[in-house]
Undergrad: 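First, the structure itself, so that you have it in front of you.
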Amino acid sequence: QMDSANKNYLQEKVDVILGPLIKNIVKEKPEKPIPFMIEYLKEKFEIHESKPTEAEKEEIAALKKEILELKEKVAQKKLEESDETEGEDEEEEEDFEPKINPKKHSLIPRTAVSAEAFGNWNRDEDYKPVEHPKTTEQKKRLLERLNKIFMFQNLDKKSKEIIIKAMKEEIITKDTRVINQGEDGKELYIVDSGNLSCFMKEPGSNDEKLVKEYKPGNLFGELALLYNAPRAATIISNTNCVLWSLDRGTFNTIVKNA
């Protein structure tokens, strides 16, 4: 039998939601009740999906522009090296006229390709999908996290599934230095639970200054992968944490080439 505390909770917190919802279902008689209920609750309680801020849009646009410029420079250099090699071949065999591969000499950039686009880390043919075991609930929660992070929002369903399979659970204890400023970065992280602080050293100083805190749903460590650069800051756990890490290979292949 239900105790009085539970009864009061249902009356005060749940009945006020379910009552009007059931009335609307009876009134409308939708063929698919579940989507109807979801839309009703969204409209009733003004639940909206998060959208990127103007600052985030500008930052992403600037990143894409810089990435494309870097890609064009790399492509141009490869073209020049190719022309030099062909010139040497012609001197050795004057009667031989090499065939030109239009694709090889194309300077048309693919969107969202990083400075590593021609590096060993980002060759699609070398990428082999990885998978770490997860419960159904963990997969569902990770998808919700990805859908709220601008970098992942516009990926298609298949790409998100690959990312979720590749993400690895990291159990972190309190006061752990998860990443250190100046070190090489091999993965990014999404916070599942717990709280972490971000510290940065000013040039010429060893003092670490607190600049930001991370909470569940936040992303960190992506800049080192985007720019193939050392870690820009140090992240220390304030509590016991659960993080999900994504390796560089998956990030480069699935996210940068999206």
Side-chain angles (χ1 to χ4, degrees), residues 17 34-64 67 111-112 114 129-172 178-179 185-198 211-227 231-233 235-258:
I17 299 174
I34 293 178
F36 177 85
M37 287 188 286
I38 293 173
E39 290 303 317
Y40 171 83
L41 292 172
K42 281 184 178 180
E43 182 176 350
K44 180 72 175 177
F45 297 99
E46 298 183 350
I47 301 172
H48 303 290
E49 294 182 359
S50 62
K51 295 183 179 180
T53 64
E54 289 301 320
E56 289 174 331
K57 289 180 180 179
E58 291 177 2
E59 182 179 359
I60 294 297
L63 286 173
K64 286 186 175 181
I67 286 168
T111 58
S114 74
V130 295
E131 182 171 358
H132 298 284
K134 298 172 188 67
T135 65
T136 301
E137 178 59 31
Q138 287 174 324
K139 292 178 182 178
K140 179 181 177 182
R141 191 165 63 252
L142 274 173
L143 179 59
E144 292 174 352
R145 300 286 194 210
L146 294 182
N147 287 336
K148 293 179 181 179
I149 298 174
F150 183 71
M151 183 178 292
F152 301 106
Q153 282 178 339
N154 294 325
L155 296 177
D156 58 35
K157 182 179 178 181
K158 183 178 179 181
S159 295
K160 289 177 182 177
E161 288 176 353
I162 294 174
I163 289 173
I164 289 172
K165 288 180 180 179
M167 299 199 86
K168 182 180 178 182
E169 187 178 32
E170 309 280 358
I171 308 298
I172 307 297
V178 181
I179 62 177
K186 296 182 180 179
E187 59 277 300
L188 59 76
Y189 299 89
I190 294 177
V191 183
D192 195 25
S193 66
N195 179 275
L196 307 96
S197 291
C198 175
V211 294
K212 187 175 182 179
E213 290 197 354
Y214 292 99
K215 59 185 180 179
N218 289 160
L219 167 76
F220 67 86
E222 76 281 9
L223 294 180
L225 306 189
L226 280 170
Y227 291 108
R231 296 293 192 188
I235 309 294
I236 301 175
S237 58
N238 300 321
T239 64
N240 292 339
C241 300
V242 176
L243 310 177
W244 291 97
S245 64
L246 181 67
D247 65 279
R248 178 192 291 269
T250 302
F251 177 81
N252 285 350
T253 304
I254 305 302
V255 181
K256 282 187 176 180
N257 291 338

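For this chain, numbers begin at 1 and follow the sequence in order.
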Undergrad: Output all residues satisfying side chain to side chain donor-acceptor pair (under 3.5 Å) with D192, sequence neighbours left out; order by chain, then residue number.
TA: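 Scan of D192 (side chain to side chain donor-acceptor pair (under 3.5 Å), adjacent residues dropped) gives R141, R145, W244.
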Undergrad: So, for L188 and L219, which heavy atoms are closest and what is the spacing to 0.1 Å?
TA: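 Closest approach of L188 to L219: CD1-CD1, 3.5 Å.
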Undergrad: Please report the shortest heavy-atom distance between A224 and G185, naming the atom on each side.
TA: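 Taking every non-hydrogen atom into account, CB-CA, 4.1 Å.
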Undergrad: Are the side chains of K165 and K139 in contact, using a 4.5 Å heavy-atom criterion?
TA: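 Heavy-atom side-chain distance check fails, nothing below 4.5 Å.
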Undergrad: Is it the case that the side chain of T135 and the backbone of Q138 share a donor-acceptor pair, with hydrogens and angles ignored and the cut-off at 3.5 Å?
TA: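 The answer is yes, because a donor-acceptor pair under 3.5 Å joins these two groups.
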Undergrad: Which heavy atom of P216 sits nearest a heavy atom of G194, and at what distance?
TA: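 Residues P216 and G194, closest heavy atoms: CD-O, 3.3 Å.
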Undergrad: Without swapping roles, check the side chain of N218 against the backbone of K215 for a donor-acceptor pair under 3.5 Å.
TA: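 At least one qualifying donor-acceptor pair exists.
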Undergrad: Would you call I190 and I149 a side-chain contact if the rule is heavy atoms closer than 4.5 Å?
TA: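 Yes; the side chains approach each other to less than 4.5 Å.
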Undergrad: Testing the basics here: between S159 and L155, what is the closest heavy-atom pair and its distance to 0.1 Å?
TA: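 Smallest heavy-atom distance, with atoms named: CB-CB, 4.1 Å.
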Undergrad: Suppose we screen for ring pair (Phe, Tyr, Trp, His ring centres under 6.0 Å). Which residues come up paired with F220, at least two apart in sequence or across chains?
TA: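 Ring pair (Phe, Tyr, Trp, His ring centres under 6.0 Å) list for F220, sorted by chain: Y189, Y214.
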Undergrad: Please walk me through it: do E187 and R231 pass salt bridge (charged side-chain N to carboxylate O under 4.0 Å, His left out)?
TA: CA-CA 11 Å; E187 59 277 300; R231 296 293 192 188; 3.5 Å; yes
Undergrad: Short question: side chain of T239, backbone of N195 - any donor-acceptor pair under 3.5 Å?
TA: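 Yes.
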Undergrad: Should L196 and I236 count as side-chain neighbours, where that means a heavy-atom distance under 4.5 Å?
TA: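 A side-chain contact is absent here, since even the closest heavy-atom pair is not under 4.5 Å.
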Undergrad: Looking only at heavy atoms, what is the nearest atom pair of H132 and A166, with distance?
TA: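 What the structure gives for the nearest pair is CD2-O, 3.1 Å.
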Undergrad: Taking K148 for the side chain and Q153 for the main chain, is one N or O donor matched with an acceptor at less than 3.5 Å?
TA: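 Checking the backbone N and O of Q153 against the side chain of K148, no donor-acceptor pair under 3.5 Å is found.
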